[in-house]
Amino acid sequence: MVLTHLTIDAARSAVQERQTTALALAEAHYARIQKEDGQIGAYLTLCKERALEQADRIDRMAAEGKPLPPLGGVPVGIKDVMSTRGVRTTAGSKSLGKYIPPYDCTAVLRMEAAGAVILGKTNCDEFAMGSSNENSAFHPVRNPRDLNRVPGGSSGGSAAAVAADLAVAALGSDTGGSIRQPASFCGVVGLMPTYGRVSRYGLIAFASSLDHIGPLAKTVKDAAIVLRTIAGRDPMDSTSADLPVPDYTAGLERSARGLKVGVAKEYFGEGLDDEVRHAVESAIDKLKSLGCEVVPVSLPHTRYAIPTYYLIATAEASSNLARYDGVRYSYRAAGVKSLSEMYRRSRDEGFGAEVKRRIMLGTYALSAGYYDAYYLKAQKVRTLLARDFEDAFRQVDAIVTPTSPTAAFRLGEKSNDPLAMYLADIYTVTADLAGIPGISIPCGVTMDNLPIGLQILGKHFDEATILRVAHAYEQVAQIGS
Ligand code: GLN
């Protein structure tokens, strides 16, 4: 048994059956991190003390013969935008470089209550703004499949950690694709739940109407187990939905036969790389052979998604990031002579270039005189985008698309061209804007052996169906190494 190659169920039952211990699992992952993460850069902070305490608790349960909870002893990584009590939480930013939260994010608490062993905090783009992880104030993450390439972003550290066996699973956040796109670049599974399915309490806010927490994992089943763990109403987040949480694993084995799967031509247009197109088309053929009925659907407002997203997300970010003023817990510039100089210099020195760009764009979009032309209009277009999906989902149970128009690009390839970088989000931002769930699963590799992702989108609160389609596909997919 290779301790760093286990799925959640395999790890948990090995601990339960005393074939290994939670401690040994954690140590094996730390040893691998020690060996590999110097070149990958997936982790920003390790929390060994907290991890070993939790591992010990789980091992005592196992020794006493008590049934372990669903993630009992499973080593995981947490994206560094989720607050962890007593453990530095940076959001990838110098402005929070020394921030030690006094409380835990609800999703983190739920992971630990379910037995997970938190190894550490994973690297990300600063305040989750980016698609390549090059915007981390600390260091970039490299794609474990090709160290010259980006892992995607902004949850690049979480995706790379899972892909490189530096964690069994991880939590990420998705505002415009930040779980699904890195999952596709690194060849792992990434699930963005419906908006409101998972509490955002303790998540460092980027754009509150678009932010989601969700799992990155090695298999669809693992993603389902993590989702079940973190989902459900939380009194600390008024946008968390008071709906029952299904047992997502129970429905997985049902075949996908008879399900209607939509394909929208808007997701196969200009800019889509040929190798990605072919891989996704053959995945669609596979779904047909599994008994899915493939139905053409239309999502006519898709072409407005990128400008809409980059107006709404930046507007909300400019407001959310106003709190980093140097007064309370964020970075404060030294040697300032007045309050206004402190604000200015603290923010100037604490924030990186992309974050400043977003704050300026968002402040502009919200300013008097431009509000109607930009922000209000973007909100209206957002409604049209959501309606596109409502109409499509009257005909189909799920919609399949490429996750990203290309496979992983090279470090530095787009970092000086924000527009090119923003266009990489073309297939992912729509689901965030509409509030619907989406999953990315591996569906092939390019000639250069880079992973390609298949995205499956679902109806509001119907994660079960996309998991079912993803699982059915995963069972028959033959993906190059
Ligand atoms: N790449 C997108 C952006 O830069 C999405 C980020 C995210 O989902 N957090 O805004």
Side-chain angles (χ1 to χ4, degrees), residues 79-82 90-93 122-137 140-141 150-159 170-186 190-193 195 198 200 203-216 305-318 320-321 351-362 365 378 382 403-406 408-409 413-415 417-440 453 455:
K79 184 180 182 182
D80 211 18
V81 287
M82 281 164 247
T90 68
S93 180
T122 54
N123 202 350
C124 56
D125 285 301
E126 186 174 2
F127 287 106
M129 297 173 190
S131 312
S132 69
N133 221 119
E134 292 164 295
N135 296 338
S136 164
V141 179
V150 303
S154 60
S155 312
S158 291
L171 292 185
S173 69
D174 195 313
T175 303
S178 281
I179 290 175
R180 293 159 290 153
Q181 184 254 21
S184 91
F185 279 17
C186 291
L191 170 65
M192 176 183 69
Y195 185 79
V198 175
R200 290 178 296 109
L203 172 69
I204 293 175
F206 163 8
S208 308
S209 78
L210 296 160
D211 292 342
H212 308 72
I213 292 175
L216 292 106
I306 289 284
T308 304
Y309 169 79
Y310 277 95
L311 280 165
I312 294 175
T314 56
E316 293 185 16
S318 74
N320 272 325
L321 269 59
F351 291 145
E354 183 61 27
V355 171
K356 289 178 190 167
R357 182 180 294 123
R358 305 276 177 119
I359 292 173
M360 286 190 277
L361 285 169
R382 182 178 188 174
T403 304
S404 177
T406 66
F409 42 90
E413 193 176 321
K414 297 185 199 240
S415 44
D417 188 349
L419 275 183
M421 191 73 90
Y422 296 173
L423 282 170
D425 303 330
I426 187 156
Y427 302 140
T428 44
V429 295
T430 47
D432 297 86
L433 288 163
I436 58 172
I439 190 169
S440 178
Q455 176 173 240

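Counting convention: from 1, in listed order, for ligands and their atoms alike.
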- Taking 4.0 angstrom as the limit, do Asp425 and Arg180 come out as a salt bridge? no
- State yes or no: are the ring centers of Tyr310 and Tyr422 separated by less than 6.0 Å? yes
- Within the 6.0 Å centroid threshold, strictly below: Phe185 and Phe409: yes
- Note on the structure: Result for side chain to side chain contact (heavy atoms under 4.5 Å, CB included) between Ile312 and one of Leu433, Thr175, Val429 points to Leu433
- Task: Report the residue from Ser158, Ser173, Ser178 that forms a side chain to side chain donor-acceptor pair (under 3.5 Å) with Lys79.
- Result: Ser173
- Compile the protein residues with any heavy atom at a distance under 4.0 Å from an atom of ligand 1; present them by chain, then by number. Ala128, Met129, Gly130, Ser131, Ser154, Asp174, Thr175, Gly176, Gly177, Ser178, Phe206, Tyr309, Tyr310, Arg358, Asp425
- Task: Applying side-chain hydrogen bond (donor to acceptor under 3.5 Å, both in side chains), name anything that partners Arg382, two or more places apart in sequence or on another chain.
- Result: Ser209
